[in-house]
Amino acid sequence: MVLIAPSLLSANFLRLEEECELLNNSEADWFHLDVMDGRFVPNISFGIPVIQQIRKTTSKICDVHLMIVEPEKYADAFKNAGADILTVHIEACTHLHRNIQQIKSLGMQAGVALNPHTPVSLLHDVINDIDLVCLMSVNPGFGGQKFIPQTINKIKELRQLIKDKSANVKIEIDGGVTLENAKEIVQAGADVLVAGNTVFSSPDPAATIIQLKRT
Ligand code: DX5
Ligand code: ZN
């Protein structure tokens with residue numbers, strides 16, 4: 001069954017503890033935490049102290065998506081803040097292999113995120129070293145954007161690469177996931193759906209999470 005990772009980027013930050021409780025009492029599998037630095041992406045979100053607090057509210061997996069330059073400078077700090085999975089952008093890593101080794105040596109699962117224009121083939125030589133690939137289905141930086149249809153082909157291509165290399169990697173889709181397109185995304189081969197706007201703008205987020213899961 002597909003895993004659901006609601007993105008707290010769309011939560012009400014004034015009521016963050018309640019929003020975390022809502023997810024804890026739901027069928028959400030992971031907390032997806034979007035960190036933006038205003039350099040890699042044209043937006044700034046939240047960082048280490050906020051993740052530290054969120055960590056205290058939950059025993060669910062904290063899936064931290066770094067949309068920052070020089071992520072190697074902060075891997076240690078995100079581990080200490082409570083990240084279980086740390087995802088870096090391939091476009092932000094000159095020494096991606098080294099970055100992955102660093103994340104693994106700190107005891108976290110390593111994820112690699114690809115922007116919509118970045119080909120899946122670039123993962124060929126690291127696919128056996130990582131735990132997660134995050135395919136961006138919008139240009140990163142903002143919640144509530146429209147799903148880019150070409151992502152469906154990328155999911156299928158990545159599924160094939162994982163099979164060819166006998167890799168043990170989850171495919172996560174991030175951006176523009178809705179109740180309408182979730183089925184097609186899962187059928188193409190996704191393992192994890194990130195959903196910000198769809199979950200938090202819903203009148204009944206817990207029910208929406210169930211709907212996404214049963215898609
Ligand atoms: C975008 C973030 C996403 C975002 C998804 O840069 O990485 O995780 O919060 O939000 P929705 O589901 O609203 O597109
Ligand atoms: Zn994200």
Side-chain angles (χ1 to χ4, degrees), residues 2-13 16 19-20 22-23 26 28-47 50-51 54 60-69 71 74 78 83-93 103 108-118 130-152 154-155 170-186 190-203 205 208-209 211-213 215:
V2 70
L3 302 178
I4 307 299
S7 166
L8 274 294
L9 187 64
S10 296
N12 181 340
F13 294 151
L16 199 48
E19 301 280 59
C20 291
L22 186 154
L23 296 185
S26 79
D29 296 282
W30 297 356
F31 281 28
H32 185 82
L33 304 171
D34 287 305
V35 178
M36 304 180 184
D37 66 353
R39 294 185 64 205
F40 181 70
V41 287
N43 197 7
I44 298 175
S45 59
F46 52 78
V50 173
I51 292 177
I54 292 173
K60 298 201 188 213
I61 286 178
C62 286
D63 166 36
V64 176
H65 177 193
L66 296 184
M67 286 161 274
I68 67 173
V69 298
Y74 306 98
F78 283 105
D84 299 298
I85 305 171
L86 197 63
T87 296
V88 295
H89 264 267
I90 196 167
E91 303 85 4
C93 295
I103 293 167
M108 294 178 284
Q109 293 188 47
V112 175
L114 266 56
N115 278 339
H117 75 279
T118 302
I130 61 181
D131 303 285
L132 178 81
V133 174
C134 175
L135 290 180
M136 291 307 304
S137 37
V138 298
N139 285 295
F142 304 92
Q145 302 182 80
K146 199 172 169 303
F147 183 84
I148 297 171
Q150 163 63 6
T151 312
I152 296 293
K154 289 179 79 172
I155 299 170
K170 285 190 165 53
I171 301 177
E172 177 178 67
I173 303 305
D174 189 3
V177 174
T178 63
L179 291 173
E180 288 70 39
N181 62 22
K183 188 170 185 177
E184 188 186 7
I185 297 168
V186 172
D191 301 298
V192 187
L193 300 179
V194 174
N197 194 54
T198 293
V199 167
F200 285 100
S201 70
S202 160
T208 299
I209 290 166
Q211 277 178 283
L212 284 170
K213 212 164 181 175
T215 192

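Excluded from the calculations below are hydrogen atoms, water molecules and symmetry mates; all remaining heavy atoms, backbone and side chain alike, are included. We number each residue from 1, following the sequence as shown. As the structure lists them, so they are numbered: ligands from 1, and atoms in each ligand from 1.
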### Query
If you measure every N/O of Ser7 against every N/O of ligand 1, is any gap under 3.5 Å?
yes

### Min heavy-atom dist Phe142 to ligand 1 below 4.0 Å
yes

#### Entry: Matching residue for Leu193 among Leu3, Thr198, Val186, Ile209 - test: side-chain contact (heavy atoms from CB on, under 4.5 Å)
Val186

#### Entry: Protein residue, atom and distance nearest to atom 14 (O) of ligand 1, heavy-atom basis
Gly176 N, 2.8 Å

### Summary
In Asp174, the N/O/S atom nearest the Zn ion (ligand 2) carries the name OD2

### Query
Is a side-chain N or O of Gln145 found less than 3.5 angstrom from the main chain of Gly175, in a donor-acceptor match?
no

### Test log, rule side chain to side chain donor-acceptor pair (under 3.5 Å), inputs Thr178 and Asn181
CA-CA 5 Å; Thr178 63; Asn181 62 22; 3.3 Å; yes

## Note on the structure
Looking at His65, the N, O or S atom sitting nearest the Zn ion (ligand 2) is ND1

### Query
Relative to the Zn ion (ligand 2), which of the N, O or S atoms in Asp34 is the closest?
OD1

### Summary
So the atoms of ligand 1 within less than 4.0 Å of a heavy atom of Ala195 turn out to be 12 (O)

### Message
Taking 4.0 angstrom as the limit and counting only heavy atoms of Asp34, give me the atoms of ligand 1 inside it, by number and element.
### Response
2 (C), 3 (C), 4 (C), 7 (O), 8 (O), 9 (O)

### Message
Under a 3.5 Å distance rule, please check whether Ser137 uses its side chain to pair with a backbone N or O of Asp174 as donor and acceptor.
### Response
yes

### Query
Taking NZ, NE, NH1 and NH2 as the nitrogens, is one of them in Lys213 or Asp29 under 4.0 Å from a carboxylate oxygen of the other?
yes

### Message
Could you check whether any heavy atom of Val194 sits closer than 4.0 Å to an atom of ligand 1, since that is the contact criterion I want to use?
### Response
yes

### Message
Please check this pair: side chain of Asp131 against backbone of Gln109, looking for a donor-acceptor N/O pair closer than 3.5 Å.
### Response
no

### Query
Taking N or O atoms only and a 3.5 Å limit, does Pro140 qualify as a polar contact for ligand 1?
no

### Donor-acceptor pair, side chain of Ser45 and main chain of Met36, under 3.5 angstrom
yes

### Message
Would Gly175 count as a polar contact of ligand 1, with the cut-off being nitrogen or oxygen pairs under 3.5 Å?
### Response
no

### Query
For ligand 1, is any non-hydrogen atom under 4.0 Å from Leu9's backbone (N, CA, C, O), its side chain (CB onward), both, or neither?
side chain

### Pair His65-Asp63, side-chain donor/acceptor within less than 3.5 Å
no

### Query
For ligand 1, which atoms have a heavy atom of Met36 less than 4.0 angstrom away?
6 (O)

### Message
Can you check which of Gly143, Ser137, Pro6 brings a heavy atom nearest to atom 10 (O) of ligand 1?
### Response
Gly143

#### Entry: Nitrogen or oxygen atoms of Ser10 and ligand 1 under 3.5 Å apart
no

### ligand 1 N/O within reach of Gly144 N/O, cut-off under 3.5 Å
yes

#### Entry: Residue and atom name of the nearest protein heavy atom (relative to atom 6 (O) of ligand 1), distance in Å to one decimal
Gly141 N, 2.7 Å

### Close-contact set for ligand 1 against His65 heavy atoms, below 4.0 Å
7 (O)

### N/O/S from Cys134 sitting under 2.8 Å away from the Zn ion (ligand 2)
no

### Query
Judged by atom type as modelled, is there a donor-acceptor pair below 3.5 Å linking the side chain of Asp34 to the main-chain atoms of Leu66?
no

### Task
Check ligand 1 against Met67 and write out every atom of the ligand that is under 4.0 Å from a heavy-atom position of the residue.
6 (O), 7 (O)

### Task
Classify the side-chain pair Asn197/Ser10 by whether it contains a donor and acceptor separated by less than 3.5 Å.
no

### Query
Checking Thr151 side chain against Ile148 main chain: does a donor-acceptor pair fall under 3.5 Å?
yes

#### Entry: Ligand-residue contact atoms, ligand 1 with His32, heavy atoms, under 4.0 Å
8 (O)

### Query
Do the side chain of Lys170 and the main chain of Val133 share a donor and acceptor less than 3.5 angstrom apart?
no

## Note on the structure
Counting from 1 in the order shown, the ligand 1 atoms closer than 4.0 Å to a non-hydrogen atom of Asn197 are 11 (P), 12 (O), 13 (O)

### Task
Would you check if the side chain of Glu19 reaches a backbone N or O of Asn12 as a donor-acceptor pair within less than 3.5 Å?
yes

### Query
Can you tell me if Asn115 uses its side chain to pair, donor with acceptor, with the backbone of Thr118 under 3.5 Å?
no

### Query
So which protein heavy atom does atom 12 (O) of ligand 1 come closest to, and at what separation?
Gly196 N, 2.8 Å

### Message
Please check whether Asp174 reaches ligand 1 - meaning an N/O of the residue sits under 3.5 Å from an N/O of the ligand, judged on distance alone.
### Response
yes

